[in-house]
Amino acid sequence: CKQVYGDISNLKDISYCVKEFKPDILINLAAYHYIPNCIKDPKRTIRINVNGTKNSLEAIYKYSPNTKFILTSSAAVYKPSIKKHTEKSLIKPVDIYGESKKRAEDVVEDYAKKFKIKYCIIRLFNVYGYGNNTPHLIPTIIDQIKNKKTISLGNTQTKRDYIYVDSVIGAFIEVINKFNKNNNQVFNVGGGYAKSAIDIVNIIEGR
């Protein structure tokens, strides 16, 4: 495994990697995704999430046209709903992060039409597990339980779908193994159950 350090928003960096390796599949996991940071710096959000996707596809088109592409998108592209989202649910993001992922998906579909690039889009719901270095809900609750006598949270009633990181890895492997059958499709990847912040607290405390 060779690591190359670079910036996905720099076309030269991603072009070098694609030209050098000519990968069978390129998986774009790069994203600026912590919502407060995205709101504070919308230009960076677009540069990484949208332009980075475009650069990846441009590099494939120029240097490795047989490379298949997987975009890691988000359930944030959907209009909020109390019902379960399907891949056919209404696309209507409510923040800059969701909008950036919607635009990235549009870029993928545009390149696929113009240059016949095969792709899959994976819309992740709320991923949790090891390696999470941003203050999302679950690590925040765990940290407060460990280090404080009280738990302080925002809106505790909003419900989200959570999925463990190992299950996400399994979903990516499944998509990769069946790429030729599934190409040019969109897949939701979530746990299938809605949990509120209070539900999460109770689960962590073993109630």
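A donor-acceptor contact under 3.5 angstrom links the side chains of Asp199 and Ser196, judged on distance only. Side-chain contact check for Tyr97 and Glu99: no donor-acceptor pair (N or O, by modelled atom type) lies under 3.5 Å. Looking only at atom types and distance, the side chain of Thr134 has a donor-acceptor partner in the side chain of Asn132 under 3.5 Å away. For Tyr32 and Asp41, the side-chain atoms include no donor-acceptor pair closer than 3.5 Å.
Criterion: ILVMFWY side-chain heavy atoms under 4.5 Å apart, direct or through other members. Under it, Phe115 and Val107 are part of a common hydrophobic cluster. Grouping the Ile, Leu, Val, Met, Phe, Trp and Tyr side chains by contacts below 4.5 angstrom, directly or via other members, places Val168 with Ile176. No continuous path of ILVMFWY side-chain contacts below 4.5 Å connects Val189 to Ile121, so the two sit in separate hydrophobic clusters. Two different hydrophobic clusters hold Ile60 and Phe179 under the rule that ILVMFWY side chains link at heavy-atom gaps under 4.5 Å. Tracing side-chain contacts under 4.5 Å through hydrophobic residues (I, L, V, M, F, W, Y), one reaches Ile35 starting from Val50; they form part of the same cluster.
Proximity of Tyr16 to Val4: side-chain heavy atoms (C-beta onward) are separated by under 4.5 Å at one or more points. Looking only at side-chain heavy atoms (C-beta outward), Ser74 and Leu124 stay at 4.5 Å or farther from each other. You'll find the side chain of Ile142 reaches within 4.5 Å of the side chain of Ile204, heavy atoms only. Two residues are said to be in side-chain contact when any heavy atoms from C-beta on lie closer than 4.5 Å; Val127 and Tyr162 fail this criterion.
Rounded to the nearest 0.5 angstrom, Ile141 CD1 and Ser152 OG are separated by 11.0 Å. To the nearest 0.5 Å, atom OG of residue Ser15 and atom CD of residue Glu58 are 7.5 Å apart. Here the OG1-CG distance, from Thr45 to Asn51, works out to 11.5 Å after rounding to the nearest 0.5 Å. The distance from the CZ atom of Arg123 to the OG atom of Ser73 is 6.0 Å, given to the nearest 0.5 Å. Here CG of Asn55 is found 12.5 Å from NZ of Lys12. Values are rounded to the nearest 0.5 Å. To the nearest 0.5 angstrom, Ile200 atom CD1 is 4.5 Å from Ile138 atom CD1.
One N or O on the side chain of Thr67 and one on the backbone of Pro23 form a donor-acceptor pair closer than 3.5 Å. Remark: side-chain polar atoms of Asn183 are not paired, donor with acceptor, to backbone N or O of Tyr119 under 3.5 angstrom. A donor-acceptor pair is defined here as one N or O able to donate and one able to accept, closer than 3.5 Å; such a pair exists between the side chain of Asn126 and the backbone of Asp161.
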Kindly indicate, with the supporting measurements, whether the criterion salt bridge (charged side-chain N to carboxylate O under 4.0 Å, His left out) is fulfilled by Lys178 and Glu174. CA-CA 6 Å; Lys178 298 180 179 179; Glu174 185 75 9; 2.8 Å; yes
Check step by step if side chain to side chain donor-acceptor pair (under 3.5 Å) holds for Ser56 and Asn28. CA-CA 8 Å; Ser56 300; Asn28 181 4; 4.5 Å; no
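In terms of heavy-atom proximity, Ala197 sits nearest to Leu153 at CB-CD1, 4.2 Å. The heavy-atom pair separating Val77 from Lys102 by the smallest distance is CG1-N, 3.7 Å. Heavy atoms only, all atoms of each residue included: Pro93 and Gly98 are closest at CB-C, 3.4 Å. In plain terms, the two heavy atoms of Ile27 and Thr72 that are nearest each other are CG2-OG1, 4.4 Å.
Note on ring orientation: taking the six-membered ring where Trp is involved, the planes of Tyr78 and His85 are parallel (angle under 30°, cut-offs 30° and 60°).
Ion pairing of Glu105 with Lys101 is absent here, as no side-chain N (NZ or NE/NH1/NH2) approaches a carboxylate O to less than 4.0 Å.
Shown here is Lys159, whose NZ atom has no more than 12 heavy atoms of other residues, nucleotides or ligands within 6.0 Å. Within 6.0 Å of NZ on Lys54 lie no more than 12 heavy atoms contributed by other residues, nucleotides or ligands.
Taking the ring pair (Phe, Tyr, Trp, His ring centres under 6.0 Å) definition, one finds that Tyr63 meets it with nothing, sequence neighbours left out.
In summary, of the residues considered (Ile48, Asn49, Leu29), a side-chain contact (heavy atoms from CB on, under 4.5 Å) with Ile8 occurs for Ile48 alone.
Taking the ring centre of Tyr193 as origin, the terminal cationic atom of Lys84 falls inside the region bounded by 6.0 Å and 45° from the ring axis.
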